[in-house]
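Worksheet for the structure shown next.
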Amino acid sequence: RRCIIGRSMLRKAVSIIMLTLLLVGMFSLAMNIKPAKVESRTIIVPDDYPTIQEAVDAADDGDTIYVRRGTYYERVNVTKTVNVVGECREETIVNGGFYINASDVLLCNFTIAAPEKLCVEVHGYNVTIKRNIITNSLVGIALWTDSYKCTVTENIVEKCHEGIESVSNDGFHSLIHNNVTGCDLGIGLAFDRGNNFVYNNTITGCSAAGIVATFSMGNVIERNIVYKNGWSSSYSWLQAGLWVDALTGPNYIKENVILENKIGLYLGNGSGTKVFHNLFINNSQQVYLENASFSIWDNGYPFGGNYWSDYNGTDLFNGAYQNIPGSDGIGDTPYVINANNTDHYPFMNPSLAITAMIDIKPKSLCLVSFDRYISVYAELPQSIDVKSVNLSSLLLNETFKPVSTAIGDHDKDSVPDLIIKFNRTEVMSYLLTRINMTKLIENRFIPIKLTISGKLNNGVKFEGTKLIRIAIPGPGGKYKILLT
């Protein structure tokens with residue numbers, strides 16, 4: 001009987017164990033079952049909804065709101081992770097602006113106005129504001145509280161009290177490739193965590209200042225064109241191309257063109273800001289220092305400092321102490337700003353080049369052809385008049401001078417282009433001497449870079465590059481140069 005009872009208890013134990021394992025397995029399976037992924041939608045305004053706001057309200061995270069041409073009188077509140085994209089930047093107009101309180105939002109391709117308001121107000125992570133025209137607003141693009149690592153790029157901002165600002169937020173923003181013109185203040189960084197990247201913007205004609213950084217540290221301000229700012233400011237203390245208050249720590253100002261501003265660079269209240277490889281050209285006052293005890297004005301030898309249009313030194317020597325006979329492009333004597341601030345290695349000539357956008361026609365060039373010319377279309381930043389180009393300075397690959405020049409609008413974007421024609425036979429002969437025929441046969445094509453370069457009448461350099469390729473022909477074909 002004890003044996004029977006033992007076997008009975010064993011069977012019960014096994015049954016309990018099996019049931020437990022089954023339940024655990026079912027629970028694990030249930031936990032691993034994921035809901036089917038919902039495909040993102042494209043909602044079209046006004047086809048699906050008459051207003052942008054209604055489309056946003058109906059959207060789910062990941063959806064795209066595509067807005068057709070037209071004028072929309074509304075202030076749009078975006079609180080979801082969506083893309084809001086206009087059909088045509090010039091003809092998709094929102095009168096009222098956008099308030100964005102979400103992360104990973106894209107706002108692209110609109111003309112936006114909000115008189116006496118913040119045109120685009122951002123409170124979110126990784127928001128991108130791209131390729132818009134922002135106009136007639138109190139603030140064009142405002143990165144405010146809780147904004148972090150946002151990107152503002154390829155926008156035209158005009159006729160605003162303040163163009164682009166980062167205020168009281170977590171910083172680490174990228175403000176790149178924008179054109180800010182005719183505002184009171186162009187780009188402002190204030191009371192944020194800093195570490196912003198302000199790169200390759202063009203800021204012109206701002207009445208008070210082009211770029212301002214105050215109570216914001218660790219910012220990199222690089223390769224911007226800061227031109228004709230600070231001439232009509234209502235603030236006696238704010239009339240400069242760059243106005244930097246370094247009270248909370250250093251900033252890095254490098255490779256900028258600071259041109260014809262009332263004050264080129266104002267530095268106040270602090271020390272340690274690094275300023276090198278900039279072009280200070282024909283500013284009424286190149287630098288103004290106020291309580292700025294010490295900043296760094298060069299990057300050491302042989303890397304050099306800045307170019308100063310009012311520097312009148314000579315270049316007969318080289319070396320870290322400029323005492324070895326022979327020129328090196330660096331002045332033999334320092335450029336002294338005051339007793340505590342000196343550029344020890346001022347450049348003799350402006351070496352920084354403005355970037356020009358170029359195109360080459362025709363798209364495909366046969367080496368055996370009746371064409372007489374290779375045409376290069378060069379577009380300078382919008383604030384720079386192509387009529388200010390010194391035509392005698394133009395070169396293709398630092399070798400060929402043009403046979404003719406003209407002004408047009410090749411890409412129909414309302415920004416004048418310089419149309420430059422080169423002798424086709426000369427250029428083709430040049431290219432053929434620079435290709436490896438063995439590699440061409442092996443790979444079927446070889447890339448080659450063409451660069452157009454020149455100077456403005458004030459001596460500032462510009463250049464633009466296009467990559468082409470020479471492709472081997474098929475049987476009975478011809479060599480071709482193809483734009484990539």
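Fair warning: this is a prediction, and the values are worked out from it, not measured in the lab.
Between Trp308 and Pro346, the closest heavy-atom pair is CD1-CB, 4.0 Å. Glu74 approaches Ile52 most closely through the heavy-atom pair OE2-N, 2.9 Å. Between Ala356 and Phe462, the shortest heavy-atom distance links the atoms CB-CD1, 4.1 Å. Of all heavy-atom pairs between Ile258 and Asn283, the closest is O-ND2, 3.0 Å. Across every non-hydrogen atom of Gly140 and Cys119, the tightest pair is O-CB, 3.1 Å. Nearest heavy atoms, Pro325 versus Asn318: O-ND2, 3.2 Å.
The structure places CG of Asn229 at 8.5 Å from CD1 of Ile211, a figure rounded to the nearest 0.5 Å. The line from CD1 of Ile134 to CD1 of Ile164 is 8.5 Å long, rounded to the nearest 0.5 Å. Taking OG1 of Thr333 as the start and CG of Asn312 as the end, the distance is 7.5 Å to the nearest 0.5 Å. Rounding to the nearest 0.5 Å places CG of Asp63 at 10.5 Å from CD of Glu39. Distance OH/Tyr307 to CG/Asp343: 13.0 Å, rounded to 0.5 Å. Rounded to the nearest 0.5 angstrom, Asn196 CG and Leu189 CG are separated by 5.0 Å.
Checking Leu267, Val220, Asn219 one by one against Asn251, the side chain to side chain contact (heavy atoms under 4.5 Å, CB included) holds for a single residue, Asn219. Among His161, Glu165, Glu162, the single residue meeting the side chain to side chain contact (heavy atoms under 4.5 Å, CB included) criterion with Leu185 is Glu162. A side chain to side chain contact (heavy atoms under 4.5 Å, CB included) with Ile100 is found for exactly one of Ile129, Leu143, Thr79, Asn77, namely Ile129.
A 4.5 Å side-chain heavy-atom check between Lys117 and Leu138 finds every atom pair outside the cut-off. The side-chain heavy atoms of Val226 and Asn261, taken from C-beta on, include a pair separated by under 4.5 Å. Counting heavy atoms from C-beta on, the side chains of Thr64 and Ile43 never come closer than 4.5 Å. Counting only heavy atoms from C-beta outward, the side chains of Phe172 and Asn195 approach each other to under 4.5 Å.
Among residue pairs with one or both ends in residues 76-128, those qualifying as ring pair (Phe, Tyr, Trp, His ring centres under 6.0 Å) are Phe98-Phe110, Tyr99-His123, Tyr125-Tyr148; sequence neighbours excluded. Pairs of residues two or more places apart, or lying in two chains, never qualify as ring pair (Phe, Tyr, Trp, His ring centres under 6.0 Å) while including a residue from residues 48-90.
Under 3.5 Å, the side chains of Thr181 and Thr204 contain a donor-acceptor pair of N or O atoms. With no hydrogens or angles considered, a side-chain donor-acceptor pair links Asp359 and His410 at under 3.5 Å. For the residue pair Asn109 and Arg89, no side-chain donor N or O sits within less than 3.5 Å of a side-chain acceptor on the partner. Between the side chains of Ser207 and Asp184, at least one donor N or O lies within less than 3.5 Å of an accepting N or O. No hydrogens or angles considered: nothing links the side chains of Ser388 and Asn457 as a donor-acceptor pair under 3.5 Å. If you check the side chains of Thr145 and Ser168, you find no donor sitting under 3.5 Å from an acceptor. Side-chain polar atoms of Asn101 and Glu121 form no donor-acceptor pair below 3.5 angstrom. A donor and an acceptor atom, one from each side chain of Gln286 and Ser309, are located under 3.5 Å apart. In this structure, a donor-acceptor pair under 3.5 Å is absent between the side chains of Trp297 and Asn306.
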Passes salt bridge (charged side-chain N to carboxylate O under 4.0 Å, His left out), Arg68 versus Asp47? Steps please.
CA-CA 9 Å; Arg68 295 198 187 278; Asp47 301 31; 3.0 Å; yes
Assess whether side-chain hydrogen bond (donor to acceptor under 3.5 Å, both in side chains) is satisfied between Ser166 and Asp192, documenting all intermediate values.
CA-CA 7 Å; Ser166 168; Asp192 63 6; 2.8 Å; yes
Report the C-alpha separation of Asn179 and Glu158 in whole Å, then their side-chain angles, then the decisive distance to 0.1 Å, and conclude whether the side-chain hydrogen bond (donor to acceptor under 3.5 Å, both in side chains) test is met.
CA-CA 8 Å; Asn179 192 309; Glu158 58 188 11; over 6 Å; no
From CA spacing to verdict: side-chain hydrogen bond (donor to acceptor under 3.5 Å, both in side chains), Asn397, Thr399
CA-CA 5 Å; Asn397 279 34; Thr399 303; over 6 Å; no
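For His277 and Phe347, the ring centers are positioned less than 6.0 Å apart. Remark: aromatic rings of Tyr266 and Tyr288 are close, center separation under 6.0 Å.
The number of heavy atoms from other shown groups lying within 6.0 Å of NZ (Lys80) is above 12. No more than 12 heavy-atom neighbours from other residues, nucleotides or ligands sit within 6.0 angstrom of CE on Met357.
Taking the six-membered ring where tryptophan is involved, the planes of Tyr235 and Trp237 are tilted, since the angle between them lies from 30° to 60°.
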